[in-house]
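Worksheet: one structure, shown below.
Note that ligands are numbered from 1 as they come in the structure, with each ligand's atoms numbered from 1 the same way. Small disclaimer: the values here were computed from a predicted structure and weren't measured. Numbers here simply count residues along the sequence, with the first being 1.
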Amino acid sequence: MTDAHVPTRPVVTRFCPSPTGNPHVGMARTALFSWAFARHHGGKFVFRIEDTDASRDTEESYGLLLDVMRWLGIDWDEGPEVGGSHGPYRQSERMDIYADVAQRLLDAGFAYRAYDSAEELETRRNAARAAGKSSGYDGLHRDLTPEQVTAYEAEGRKPVIRFKMPDKDYTFNDLVRGEITFGSDNVQDYVLVRANGQPLYTLTNPTDDAMMGITHVLRGEDLLSSTPRQIALYEAFAEMGIGGGFTPEFGHLPFVLGQGNAKLSKRDPESNLLDYRPKGFLPEGLLNYMALLGWSIADDRDVFTIPEMIEAFEITRVNPNPARFDIKKCEAINGSHIRLLGERELCERLVPYFQTAGLVADPPTVKQTGTLAAATPLVQERMTLLTEAVDMLRFLFVTDEDFVIDEADRAKNLNPAGVDVARAARDALVGIRDWNTASIEGGLRAALIDGLGLKPRLAFGPVRVAVTGSRISPPLFESLELLGHRKTIARLDAVVGDPGLGESGSVG
Ligand code: GLU
């Protein structure tokens, strides 16, 4: 679809996950699109928790959902912690509302009690299948006589409550997919309330959407088949005076594919949202990438800020085709956002990662803050994940005792010839009085390139590995300046194996 969507009433969208397990990427993509749509239209965004399944929902998962939404910066106008005029926002606290709505649907004749046993349903389903007919509920208990009801009750049967689907086609204009029609044969009477009294998603979700004034439902494609049922229920609600008397508009977002051609599932490691923060993703990087799972700001542009997304977000431009999750691209986009940050901002975002690694105190000391601030610009261009800064800058924060050299890099760079280079470097650097990038570079070039006639890689590789512990590190001369004269010499001494000047305290 290409024409812009023009809402006919003030926009209210919602995100209504069930708190089971860890929050996942598909969920957050739905939240992002619903939120961006509301913000784009100057509307409201409601956060509701669909926790009616006590056997699967957990408080832990509920807490994680809130944390991850806050980390991502997807804020809500109504919902947990912020409140609102349509609360409570946890379905587990709204059970009396669902019981009341179910009773009203029964009283008004939109729903009925069905007493079929599981075996009876099964037998009839199999027969229908064998006859090539639809295997959905056949409506047998739609019009039971009072005597039949009494007889079933006397048997001790507990009824479910089913919605009576009107015998008509349902056509709606999906905001992503265009016009969709469900024929009347395809949608049977469905269960609203279980025999044990537990209300199902089929009842609780549209009840809340109606009562909370939701105007636009954006959700995953897997829920498309429930839409005609929900539209029928909305029409009943409108007649009964429940909610605002209108049916929301629907937009079904494309599947997100993981490994192979399968839907991204909990088995795909990249689907777990909780991993992104510790791995060093910025929320704005992850949000940007998730926006690309079905939407794009322009054909030739992948990197944008969230305010830019909100400004440009047009729901009819969402691509209905499945979107493939590509972790490499997600990382690359994150890297772009790292480079978009100001140095000071980036430095602040790095602090918790250095604290987690035990390299910086909480709060950081003045010296640590100064070192990290000076080192940040050295790594800003070189990373896609914040954690890479920890690896690259560890050498600046560890004590001499804790300093270790990567064994593979040592084998490659600090063979006997490399150790000779390190010795020459030590000799060139030890006497430098004014310790700065220029003097360090001048000293090393004179000794190693001009003096020993080495190519830069062979000259500086051993020094880099000896002093930073790794071949992957920030620019060498700046790194040595930041590390300081004494520590640089000490580390070269340790590699060279001679008792060094670095330990003597004669250089500072
Ligand atoms: N609780 C439902 C889910 O997590 C919400 C579906 C919907 O958006 O209607 O799948």
Below 3.5 angstrom, do we get any N/O pair linking Cys16 and ligand 1? yes
Carboxylate-amine/guanidinium contact Glu331 Lys329, below 4.0 Å: no
Check: Thr227/His252 side-chain N/O donor and acceptor closer than 3.5 Å: yes
For atom 10 (O) of ligand 1, grab the closest protein heavy atom and report residue, atom and distance to one decimal in Å. Leu223 CD1, 4.0 Å
Can you list the steps and then say if Phe37 with Phe45 is a ring pair (Phe, Tyr, Trp, His ring centres under 6.0 Å)? CA-CA 9 Å; Phe37 180 82; Phe45 178 63; over 10 Å; no
Could you tell me whether Asn205 approaches ligand 1 through its side chain, its backbone, both or neither, with non-hydrogen atoms closer than 4.0 Å? side chain
For Arg39, is there an ion pair with Asp75 - N to carboxylate O distance below 4.0 angstrom? yes
Around atom 8 (O) of ligand 1, find the nearest protein heavy atom and jot down its residue, atom name and distance. Arg14 NH1, 2.6 Å
Just by distance, no angles: are the side chains of Glu78 and Tyr89 close enough, under 3.5 Å, to form a donor-acceptor pair? yes
Is the shortest distance from a heavy atom of Phe15 to ligand 1 less than 4.0 Å? no
Per-atom filter on ligand 1: closer than 4.0 angstrom to a heavy atom of Glu50 are 1 (N), 2 (C), 5 (C)
Which residue and heavy atom of the protein sit nearest atom 9 (O) of ligand 1, plus the separation: Tyr201 OH, 2.7 Å
Pairing of Arg125 and Asp138 as salt bridge, 4.0 angstrom limit: no
Proximity flag Met27 to ligand 1, non-hydrogen atoms under 4.0 Å: no
